[in-house]
Q: 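Below is a structure I'd like to ask you about.
Hydrogens, waters and symmetry mates are skipped; everything else that's a heavy atom, side chains included, is used.
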Amino acid sequence: MELFDEFVDAVLDLMRTARRTGGAAHTVRGDGVSVPQLVVLAAVEVAGGQGVTAVAERAGLAQPTVTRALAALERRSLVLRAPHASDGRTTSLALTLAGKTMLEETMRNVVARFGEVWESLAEDQREHAVRLVRSLARVTAELT
């Protein structure tokens, strides 16, 4: 197999894995939180006070996906909903202490795993890796 063919296969494998692990049935290792739920937790931390639409925009997910994730996170007492203080039409969202702790611990684990990959790269490969991953993300977004 030519090196370019291997590259294409590797990128398609990455896309399949990302798609497969993005579903609610797939959780981040050991935490019982799905990848979309983790993304929503992080978005709530930043944009929760602005409501569900802002969280969906921040997460880069469709609003129905965010609504489902929020319901699951609320059932697990990781997110709180409350009427917005100044706009009765919207809901304000906030992480509970358990939600903040889960987000911090899970992200620490994710970053540590990425750190392992980063450390395995030679210094001159790191800049190329960043550009490659950003390019792959753009192409993947265009294809999906």
Q: State whether the side chain of Gln125 and the backbone N or O of Ala122 hold a donor-acceptor pair below 3.5 Å, judged by distance alone.
A: yes

Q: Do the side chains of Leu38 and Met102 get nearer than 4.5 Å, heavy atoms only?
A: no

Q: Would you list the pairs meeting salt bridge (Lys or Arg N to Asp or Glu O under 4.0 Å) in which at least one residue belongs to residues 32-50, sequence neighbours left out?
A: Glu45-Lys100

Q: With the side chain counted from C-beta on, respond yes when Arg58 and Gln50 share a heavy-atom pair under 4.5 Å apart, and no when they do not.
A: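 No, every pair of side-chain atoms sits at 4.5 Å or beyond.
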
Q: Mind checking whether Val40 and Val46 sit in one hydrophobic cluster, side chains of I, L, V, M, F, W, Y counted as touching below 4.5 Å?
A: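 Cluster IDs for Val40 and Val46 differ.
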
Q: When hydrophobic residues are tied together by side-chain contacts of less than 4.5 Å, even through go-betweens, does Val139 share a cluster with Val133?
A: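 Cluster IDs for Val139 and Val133 differ.
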
Q: Does the side chain of Arg134 come within less than 4.5 Å of Val130's, by heavy atoms?
A: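 Yes; the side chains approach each other to less than 4.5 Å.
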
Q: So, for Gly49 and Ser92, which heavy atoms are closest and what is the spacing to 0.1 Å?
A: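 That would be CA-OG, 3.7 Å.
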
Q: With Ala98, which residues qualify under side-chain contact (heavy atoms from CB on, under 4.5 Å), at least two apart?
A: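 If we apply the side-chain contact (heavy atoms from CB on, under 4.5 Å) test to Ala98, skipping adjacent residues, the hits are Leu78, Thr96.
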
Q: Name the one of Thr106, Val55, Leu95 that satisfies side chain to side chain contact (heavy atoms under 4.5 Å, CB included) with Leu41?
A: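 Exactly one candidate clears the test, Leu95.
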
Q: Pairs under 3.5 angstrom only: tabulate donor-acceptor contacts from the side chains of residues 62-75 to other protein residues two or more places apart or in another chain.
A:
| from | atom 1 | to | atom 2 | distance (Å) |
| --- | --- | --- | --- | --- |
| Thr65 | OG1 | Arg68 | NH2 | 3.4 |
| Thr67 | OG1 | Gln63 | O | 2.9 |
| Glu74 | OE1 | Arg81 | NE | 2.8 |

Q: Does Arg108 come within less than 4.0 Å of Glu104, counting only side-chain N to carboxylate O?
A: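 Judged by the 4.0 Å cut-off on N to carboxylate O distance, Arg108 and Glu104 do not form a salt bridge.
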
Q: For residues Gln37 and Arg76, report the shortest heavy-atom separation together with the two atoms involved.
A: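 That would be OE1-NH1, 4.5 Å.
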
